[in-house]
Amino acid sequence: MTAIPIPARVRGSVQQLLALASLIAILVFFSFASPYFFTPSNLVGILMAATVTGILALGTTFVIVSGGIDLSIGTGMILCGVMTGVFMTYWGWPAWAGVIGAILFGGLIGFINGFNVSVLGLPPFIATLGMMLVASGLSLVISGTKPIYFKEHPDFQLLMNYDVIPGARFPLGVLIFLVLTVVAAVVLSKTIVGRYAFSIGSNEAATALSGVNVVRWKLTIYTIAGLFVGIAGVLAASRLSSAQPVGGMGLELEAIAAVVIGGTSLQGGRGSIAGTVVGALIVAVLTNGLRVTAVPQEWQSVVVGCVILVAVYVDMLRRKAN
Amino acid sequence: MTLLEVRGASKSFPGVRALDDVDLELRHGEVLALVGENGAGKSTLMKLLSGIDRPDGGEFFLDGVQYTPASPRHAQELGISIIHQELNLMPDLTVAQNIFIGREPRIGGLLLSERALNRRTRELLDRLGLPLEPTDLIGDLTVARQQMVEIARALSFNARVLVMDEPTAALNEVEVNTLFGLIRRFVTPTTGVIYISHRMHELAEITDRITVLRDGRYVDTLDTASSTVPQVISLMVGRTITGEQRPRAAVVTGEPVLSVRGLHTKALLRDVSFEVRRGEILGFAGLMGAGRTELARALVGADRKDGGTVTVHGREVAISNPADAARAGIGYLSEDRKRYGVLLGRSVRDNVVLASMPRFTSAFGLVADRMIGKTATDYVAKLRIRTPSTGQLVQNLSGGNQQKTVIAKWLVRDCDVLIFDEPTRGIDVGAKDEIYALLDELAADGKAIVMISSELPEVLRMSHRIAVMCQGRITAVLDSTDASQELIMDYATRFSAQGTVTS
């Protein structure tokens with residue numbers, strides 16, 4: 001069965017190159033299809049659109065690599081946005097404290113998920129499905145179903161929208177996304193928690209028998225995902241200058257789609273941050289490109305759905321060939 | 001004419017000749033015992049008879065008619081029903097639903113008729129005299145009653161031949177008697193039973209003749225009435241082959257490293273106590289289900305233990321999970337390498353350092369990949385792991401090299417106690433010798449080694465002392481110089497409730 005074994009490192013890059021090549025092909029296609037597509041303002045728009053889902057996808061990559069799943073990231077993000085409003089508008093905290101508070105709140109959501117999964121032993125799907133509903137309801141309860149505006153903090157919206165480069169449109173939010181990408185990539189590939197995420201996803205029982213405290217590390221992994229949820233929530237609120245208590249359902253699936261398109265296995269044990277970013281960009285580019293080429297909105301999710309099916313099938317074929 | 005005749009059955013699996021030209025004859029109206037050590041070929045023969053596997057050579061005849069089962073279902077329809085040691089029942093379905101699964105009575109070929117199902121089950125159970133309700137849920141029944149359901153299902157096919165694999169393994173004395181009653185009722189001048197068991201003392205009670213297999217070959221068939229237990233055991237193990245015995249002085253005088261006292265679990269283990277010294281290999285022998293793996297898993301905290309103490313280097317250690325065990329310097333190498341040993345989809349490098357990651361992590365939390373690479377390269381060379389690079393995925397290595405990777409993992413962790421569970425399972429002959437040499441080296445380096453093995457020659461060859469287990473107890477601890485296959489088998493089949501032996 002092993003003709004010429006290809007080293008793992010080379011194989012990993014092949015997988016990422018495949019996704020990257022698809023991204024470039026899609027970019028080229030839409031550039032020819034519409035004159036409005038490959039313009040600086042539209043490209044920045046794509047990045048803006050990719051930022052929030054992308055950050056959710058970064059965090060959830062850790063969970064999926066470890067063989068878990070997190071369905072609570074969409075509504076959890078909404079709840080974190082609402083908490084930003086609570087901290088800054090209701091309780092009058094300074095902006096920095098509100099931001100940190102909301103991010104830590106996201107970490108708390110993740111910690112509870114991790115507790116339910118690793119200590120109580122609930123299946124990740126169920127544990128995070130429950131949290132998804134809890135977070136969705138709490139957002140409405142806490143906000144009284146109304147948006148919370150940041151009246152005391154008119155500058156809060158700059159967190160997402162401030163132009164980093166004078167004279168050019170490059171929002172701070174996108175820069176934050178890029179920085180977080182680097183951070184996530186380093187954590188996943190160069191730190192102990194990243195290594196353990198791969199080990200647990202690859203074979204949890206063997207990892208535990210090797211003397212690794214799997215319970216503790218799964219707790220950590222879900223908490224990391226939660227912190228990313230918190231950051232995404234803050235940025236989403238900043239982008240709209242308000243905390244919107246409604247929605248968020250479906251976002252988790254969009255983020256998971258990005259992770260999967262990026263070549264991370266839902267069975268765990270395989271995946272990369274680079275892949276996830278490319279996956280998030282593919283989703284964003286497709287959505288945007290279909291819009292500027294005037295494809296009706298109804299069709300956009302049809303296309304994205306098909307892309308997921310093709311991406312995963314191609315990945316499976318490639319792995320079987322190995 | 002005989003009821004069932006096996007002529008020259010052979011079957012090979014990659015690397016193993018599991019059955020080699022085996023003959024077997026089951027007469028009408030008899031209970032024939034089929035005995036042999038683990039790996040003698042009993043299970044393989046059963047799989048051929050039940051149509052799970054195809055033979056490479058040989059023929060079967062049922063009442064003189066050639067018998068070639070294509071599937072377990074086909075075998076049942078032809079009249080041979082098999083009851084496996086692992087029961088194949090669906091716990092959430094009822095007794096009736098389990099018995100007639102796949103053959104449910106239907107109304108108009110479409111709708112299931114629960115009423116007809118229960119009526120037919122009731123008839124069957126009454127005929128067999130079984131105290132079961134058709135509507136009972138399987139999950140609510142005791143193991144003994146579940147086994148009755150299996151038997152009822154087997155007999156619902158109007159079986160002529162019933163094959164039972166270790167049917168008494170999970171039964172108490174009263175239940176065993178019920179089972180024997182059932183067997184006696186089943187046996188008529190047109191039917192017969194093949195009864196596979198390790199329990200020598202039961203054979204006299206229920207069987208008429210005994211067929212012995214060894215190393216996949218037919219050895220002999222005896223009349224139960226005129227044979228003795230030692231006679232059967234010596235046929236099972238064959239003569240002791242000299243040179244397989246540990247050649248050098250067997251007494252190890254190093255200080256005790258691991259000491260276990262009164263280890264106990266609700267499920268199986270009873271007051272298990274033993275001690276392993278520095279530089280010693282303590283072998284654990286026993287039949288399947290004797291509790292050797294369970295002992296290892298409870299010891300390292302992989303499963304719950306309900307009593308007992310573990311002392312390492314004279315200090316009592318509390319072990320509630322494998323992380324505690326690793327911290328205490330105890331490494332466990334599972335019998336099921338692929339499930340519990342290696343990360344197949346990860347590199348040799350990742351596997352080798354898996355148990356020691358904190359040591360390879362800098363103050364900033366970053367993993368020191370260069371150090372990991374260097375350590376992995378060192379151990380690949382030291383243990384002679386054949387791999388093109390340390391980046392190779394473990395799934396691409398042979399069984400022997402996978403095993404060495406697991407050993408490397410615990411050496412990097414610097415464990416003083418290594419528990420090897422079936423260290424050479426699934427490993428080809430040449431690589432076995434390398435693993436043996438490695439075990440000897442490790443012992444010579446001062447490790448304390450526990451080696452669980454189902455292969456008696458392996459136990460005799462490797463161990464300084466041999467602990468024999470039966471039914472969750474240690475029934476003897478033998479010096480390797482005194483031990484023989486016969487003696488080990490004798491202690492391994494002491495199915496009594498007598499006390500345990502301490503070493």
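None of these values were measured; they are calculated from a predicted model. Heavy-atom basis, side chains included; hydrogens, waters and symmetry copies ignored. Every chain is numbered from 1, with letters handed out A, B, ... down the list of sequences.
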Fill in the blank from the handout: What one should report as the nearest heavy-atom pair of B/A326 and A/G211 is CB-CA, 4.0 Å

Handout entry: Proximal component of B/V406, with respect to chain A [non-hydrogen, under 4.5 Å]
Key = neither

Practice task
Mind ranking B/P358, B/G301, B/P322 by heavy-atom pairs under 4.5 Å with chain A and telling me who comes out on top?
Solution key: B/P322

Practice task
Could you grab the distance from atom OG of A/S199 to atom CE of B/M357, nearest 0.5 Å is fine?
Solution key: 7.5 Å

Fill in the blank from the handout: The interface call for A/V187 against chain B, heavy-atom contacts under 4.5 Å, is neither

Exercise for the section: With rounding to the nearest 0.5 Å, note down the distance linking CZ in B/R346 to CZ in A/R270. Expected result: 10.0 Å

Problem - B/D350 and A/F198, any side-chain heavy atoms less than 4.5 Å apart - result: no

Problem - Value rounded to 0.5 Å, distance of CD1 in A/I192 from CZ in B/F360 - result: 10.5 Å

Exercise for the section: Check whether any side-chain heavy atom of A/V215 lies under 4.5 Å from a side-chain heavy atom of B/N321, and answer yes or no. Expected result: no

Problem - From CG (B/N351) to OG (A/S202), nearest 0.5 Å - result: 7.5 Å

Problem - Close side-chain approach of B/R297 to A/L209, heavy-atom, < 4.5 Å - result: yes

Practice task
Pick one of side chain, backbone, both or neither for B/A355, based on which atoms fall under 4.5 Å of a heavy atom in chain A.
Solution key: both

Exercise for the section: List the atom of B/K409, the atom of A/A206, and the distance in Å for their closest heavy-atom pair. Expected result: NZ-O, 4.5 Å

Exercise for the section: State, with a plain yes or no, whether a side-chain heavy atom of B/D369 is found less than 4.5 Å away from one of A/K190. Expected result: yes

Handout entry: Note, A/T207 side chain near B/L354 side chain (heavy atom, < 4.5 Å)
Key = yes

Fill in the blank from the handout: Turns out that what part of B/I372 lies under 4.5 Å from chain A's heavy atoms comes down to side chain

